[in-house]
Amino acid sequence: MGEDGWNGLSPAARARLHAAELIVTGPRLADHLPDLPAEKRLWPSPFRDLAEELVGWRGRRVAVLVTGDPLWYSAGALFLRHFAPEEVAYYPHLSAFQLAAARMKWSLADTETLTIHGRPAEQAIPFLAPGVRLLLLTRDGTSPKEVAALLAARGMGASRLTVLANMGGASETRIEGTAADWSATAPDLHVLAVDCLGDPGAAILPRTGLPDDAFEHDGQLTKRELRVLTLAALAPRRGQLLWDIGTGCGSVAIEWMRADRDMRAIGVESSRERLALAAANATCLGAPRLDLRDGRAPDALDGLPQPDAIFIGGGLSDQVATRALDALPPHGRLVANAVTLESEALLGRLHSAHGGTLIRVSVSRAEPVGRLRGFKPLMPVTQWSLTK
């Protein structure tokens, strides 16, 4: 149901509500309902508990009212985790994204659609880049100020923000401003449209291949050139899970999570100091859901969900490699980097036993030499990778 209430529902949706024995809804939508014979209940808090309540009502005709399209950042996916598809019928309304795109006169196919409702606003950071248009489902009236601060801190204070509140209803509201000077108070129920614009001369971070100085670190960092090669071998795909063993400052796990939507990563690290660095980097660089674990592999890997890819950046041993190989599903990817002679020899044995690809990478960077410049080599790195 939308802000247009009962009259905005399709005849089929109204018929199902008339036939329902039980209607579950929020207070705002309940006010739009006519007098119906069904018993009415309000959504539980937290909302995810509703799925368990619905299981207890199996066999009854139950209708759940939510706003917009239930299968677009809404309750529909929750129900499909508890019920077979044939047990559920959906009657979508126009989504908030569709309404917002129409108000902004933006092509929805050319616009990024995200949610920060119930999620950290920093999740939007990887999508903030000049020329990008975003539609954001927000948490409440404070969200535009939070997003404006994220933009301004990243050299995009010129970005235009538009609050679109209560779309389709009598109290529809539109508020506009720029990220640099945003001070407006927004209604809690709104979509935030962001037209990302870079400030003149601002250094904008790329989506992948972040420079080394984007990370806080203690010197133990997978350097940019090797990080790009490592991510290419890990081959991130939407929604997949990475184990980053010996995560250090979190650079590989963070780049993995920035690579696509809904990416997940678990970083295992035995140094509390480096875990703190990884946590700070994850928040600043748009991977606030990076799951950091204090421990040493292989023991720290016990009980972790099955990964789609594994990176061993530290703590390499026969035991860790064996545990990683055993954990991977078919088509899972494993990448291990080594800089010491002992670790390099181990990678040679693993390559001989299991196949895959073994490469040695040497990188030199131009550095000042007095008044002139010369190439300064980084430590060579040996990399073993394979697909199971």
Colleague: So does Lys40 have more than 12 non-hydrogen atoms from other groups sitting under 6.0 Å from NZ?
Modeller: yes
Colleague: For Arg373, what residues pass the salt bridge (Lys or Arg N to Asp or Glu O under 4.0 Å) criterion, not counting sequence neighbours?
Modeller: none
Colleague: Looking only at side-chain N and O atoms, does Thr222 offer a donor or acceptor that is under 3.5 Å from a partner on Asn337?
Modeller: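 No - no donor-acceptor pair under 3.5 Å links their side chains.
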Colleague: Do Leu350 and Leu386 make a side-chain contact, defined as non-hydrogen atoms from C-beta onward lying under 4.5 Å apart?
Modeller: no
Colleague: If you count the non-hydrogen atoms of other residues, nucleotides and ligands that lie under 6.0 Å from NZ in Lys145, is the total more than 12?
Modeller: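 No.
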Colleague: With Asp318, which residues qualify under salt bridge (Lys or Arg N to Asp or Glu O under 4.0 Å), at least two apart?
Modeller: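 Partners of Asp318 by the salt bridge (Lys or Arg N to Asp or Glu O under 4.0 Å) criterion, ordered by chain and then number, come out as Arg349.
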Colleague: Between Thr173 and Val163, does a side chain to side chain contact (heavy atoms under 4.5 Å, CB included) hold up when you go through it step by step?
Modeller: CA-CA 8 Å; Thr173 303; Val163 167; over 6 Å; no
Colleague: Please report the closest heavy-atom contact between Ala124 and Leu136, naming both atoms and the distance.
Modeller: CB-CD2, 4.4 Å
Colleague: So, the side chain of Tyr90 versus the backbone of Gly76: is there a donor-acceptor pair under 3.5 Å, distance only?
Modeller: yes
Colleague: Is there any side chain to side chain donor-acceptor pair (under 3.5 Å) pair reaching into residues 243-254, and which pairs are they, with sequence neighbours excluded?
Modeller: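 The answer is Asp244-Thr247.
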Colleague: Just checking Arg48: does its CZ atom have more than 12 heavy atoms from other residues, nucleotides or ligands closer to it than 6.0 angstrom?
Modeller: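 Open.
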Colleague: Quick one: closest heavy-atom pair of Ala300 and Val268, and the distance?
Modeller: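 Smallest heavy-atom distance, with atoms named: CB-CG1, 3.7 Å.
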Colleague: Can you name the nearest heavy-atom pair linking Trp384 to His351, along with the distance?
Modeller: NE1-CA, 3.6 Å
Colleague: Can you tell me how far the CG atom of Leu325 sits from the CD1 atom of Ile310, to the nearest 0.5 Å?
Modeller: 7.5 Å
Colleague: Examine distances only and state if a side-chain atom of Glu269 and a backbone atom of Gly248 form a donor-acceptor pair shorter than 3.5 Å.
Modeller: yes
Colleague: Would a distance-only check, ignoring hydrogens and angles, find a side-chain to backbone donor-acceptor pair under 3.5 Å from Arg293 to Ile266?
Modeller: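 Not a single qualifying donor-acceptor pair exists.
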Colleague: Scan the side chains in residues 23-31 for donor-acceptor partners under 3.5 Å anywhere in the protein, sequence neighbours excluded, and list what turns up.
Modeller:
{"residue": "Arg28", "atom": "NH1", "partner": "Glu3", "partner atom": "OE2", "Å": "2.2"}

Colleague: Walk me through it: do Leu9 and Tyr91 pass the test side chain to side chain contact (heavy atoms under 4.5 Å, CB included)?
Modeller: CA-CA 9 Å; Leu9 294 176; Tyr91 295 86; over 6 Å; no
Colleague: For residues 106-138, which residue pairs qualify under ring-ring contact (aromatic ring centres under 6.0 Å, His included), counting only residues two or more places apart or in two chains?
Modeller: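 The answer is none; no pair qualifies.
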Colleague: Using modelled atom types and a 3.5 Å cut-off, is there a donor and acceptor pairing between side-chain atoms of Arg365 and backbone atoms of Lys376?
Modeller: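 A pair under 3.5 Å: no.
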Colleague: Rounded at 0.5 Å granularity, tell me how far NZ in Lys388 sits from CG in Leu334.
Modeller: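 Result: 10.0 Å between the selected atoms.
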Colleague: Could you give all pairs that pass the salt bridge (charged side-chain N to carboxylate O under 4.0 Å, His left out) test and reach residues 295-317, with sequence neighbours left out?
Modeller: Asp302-Arg323
Colleague: So, the side chain of Ser143 versus the backbone of Arg139: is there a donor-acceptor pair under 3.5 Å, distance only?
Modeller: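 Here the side-chain-to-backbone pair exists.
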Colleague: Does any part of the side chain of Leu54, heavy atoms only, come nearer than 4.5 Å to the side chain of Val64, both counted from C-beta?
Modeller: yes
Colleague: Sort and list the pairs that fulfil ring-ring contact (aromatic ring centres under 6.0 Å, His included) and have at least one residue in residues 10-56, not counting sequence neighbours.
Modeller: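 Matches after skipping sequence neighbours: Trp6-His18, Trp43-Phe47.
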Colleague: To the nearest 0.5 Å, how far apart are CD1 in Ile359 and CG in Leu347?
Modeller: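 One gets 11.0 Å once the value is rounded to the nearest 0.5 Å.
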Colleague: I'd like to know if Leu50 and Val62 are part of one continuous hydrophobic network [Ile/Leu/Val/Met/Phe/Trp/Tyr, side-chain heavy atoms within less than 4.5 Å].
Modeller: yes
Colleague: May I ask you to say whether Arg274 pairs ionically with Asp218, meaning some side-chain N is under 4.0 Å from a carboxylate O?
Modeller: yes
Colleague: Applying salt bridge (Lys or Arg N to Asp or Glu O under 4.0 Å), can you list everything that pairs with Arg58, at least two apart in sequence or on another chain?
Modeller: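 For Arg58 the salt bridge (Lys or Arg N to Asp or Glu O under 4.0 Å) partners, ignoring immediate neighbours, are Glu87.
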Colleague: Can you tell me if Gln383 uses its side chain to pair, donor with acceptor, with the backbone of Val361 under 3.5 Å?
Modeller: no
Colleague: Let me see the working for Val381 and Leu229 under side chain to side chain contact (heavy atoms under 4.5 Å, CB included), right down to the final yes or no.
Modeller: CA-CA 11 Å; Val381 177; Leu229 291 175; over 6 Å; no
Colleague: Test your reading of the model: is there a side-chain donor-acceptor pair from Arg264 to the backbone of Gly239, 3.5 Å cut-off?
Modeller: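 Side chain of Arg264 to backbone of Gly239, a donor-acceptor pair under 3.5 Å: yes, one is there.
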Colleague: The criterion is salt bridge (Lys or Arg N to Asp or Glu O under 4.0 Å); which residues satisfy it with Glu53, sequence neighbours excluded?
Modeller: none
Colleague: Quick check for you: to the nearest 0.5 Å, what is the distance between Ile116 atom CD1 and Leu150 atom CG?
Modeller: 8.0 Å
Colleague: If every non-hydrogen atom of Met167 is compared with every non-hydrogen atom of Leu164, which pair is closest and at what distance?
Modeller: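 Smallest heavy-atom distance, with atoms named: SD-CB, 3.7 Å.
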Colleague: Give the minimum heavy-atom separation between Ala100 and Leu135, together with the two atoms involved.
Modeller: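 Scanning both residues completely, I find the closest heavy atoms to be CB-CD2, 3.9 Å.
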Colleague: So, are Asp294 and Arg272 salt-bridged, with charged N and O less than 4.0 Å apart?
Modeller: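 A salt bridge links Asp294 with Arg272.
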Colleague: Under the 3.5 angstrom rule, does the side chain of Arg207 hit a backbone N or O of Ala129 as a donor-acceptor pair?
Modeller: no
Colleague: Taking the side chain from Thr111 and the backbone from Leu134, do they hold a donor-acceptor pair closer than 3.5 Å?
Modeller: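 Pair absent, no side-chain N/O of Thr111 close to backbone of Leu134.
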Colleague: Please list, one pair per line, the donor and acceptor atoms closer than 3.5 Å that link side chains of residues 279-287 to other protein atoms, with sequence neighbours excluded.
Modeller:
{"residue": "Asn281", "atom": "OD1", "partner": "Glu216", "partner atom": "N", "Å": "2.8"}
{"residue": "Asn281", "atom": "ND2", "partner": "Glu216", "partner atom": "O", "Å": "2.9"}
{"residue": "Asn281", "atom": "ND2", "partner": "Cys249", "partner atom": "O", "Å": "3.0"}
{"residue": "Asn281", "atom": "ND2", "partner": "Leu277", "partner atom": "O", "Å": "3.2"}
{"residue": "Thr283", "atom": "OG1", "partner": "Ala279", "partner atom": "O", "Å": "3.3"}

Colleague: Once side chain to side chain contact (heavy atoms under 4.5 Å, CB included) is applied, do any residues pair with Thr387, and if so which ones, sequence neighbours excluded?
Modeller: Arg333
Colleague: Give the intermediate values and the outcome of salt bridge (Lys or Arg N to Asp or Glu O under 4.0 Å) for residues Arg174 and Glu176.
Modeller: CA-CA 7 Å; Arg174 182 180 181 123; Glu176 298 178 299; 3.3 Å; yes
Colleague: Can Arg238 and Asp262 be counted as an ion pair, charged N to O under 4.0 angstrom?
Modeller: yes
Colleague: Of all heavy-atom pairs between Pro288 and Glu122, which one has the smallest distance, and what is that distance?
Modeller: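 Of all heavy-atom pairs spanning Pro288 and Glu122, the closest is CG-CB, 4.0 Å.
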Colleague: Would you call Val228 and Glu225 a side-chain contact if the rule is heavy atoms closer than 4.5 Å?
Modeller: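 A side-chain contact under 4.5 Å is absent here.
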Colleague: Rounded at 0.5 Å granularity, tell me how far CD in Glu255 sits from CG in Leu242.
Modeller: 12.0 Å
Colleague: Please report, to 0.1 Å, the donor-acceptor pairs under 3.5 Å made by any side chain of residues 183-196, with sequence neighbours excluded.
Modeller:
{"residue": "Asp188", "atom": "OD1", "partner": "Gly141", "partner atom": "N", "Å": "2.8"}
{"residue": "His190", "atom": "ND1", "partner": "Pro187", "partner atom": "O", "Å": "2.7"}
{"residue": "His190", "atom": "NE2", "partner": "Thr138", "partner atom": "OG1", "Å": "3.0"}
{"residue": "Asp195", "atom": "OD2", "partner": "Arg160", "partner atom": "NH2", "Å": "2.8"}

Colleague: Report the distance from atom CZ of Arg61 to atom CZ of Arg16, rounding to the nearest 0.5 Å.
Modeller: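 If I round to the nearest 0.5 Å, the distance is 9.0 Å.
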Colleague: Starting from the C-alpha separation in whole Å, work towards a yes-or-no answer on side chain to side chain contact (heavy atoms under 4.5 Å, CB included) for Glu172 and Arg103.
Modeller: CA-CA 11 Å; Glu172 180 167 335; Arg103 299 297 190 272; 2.6 Å; yes
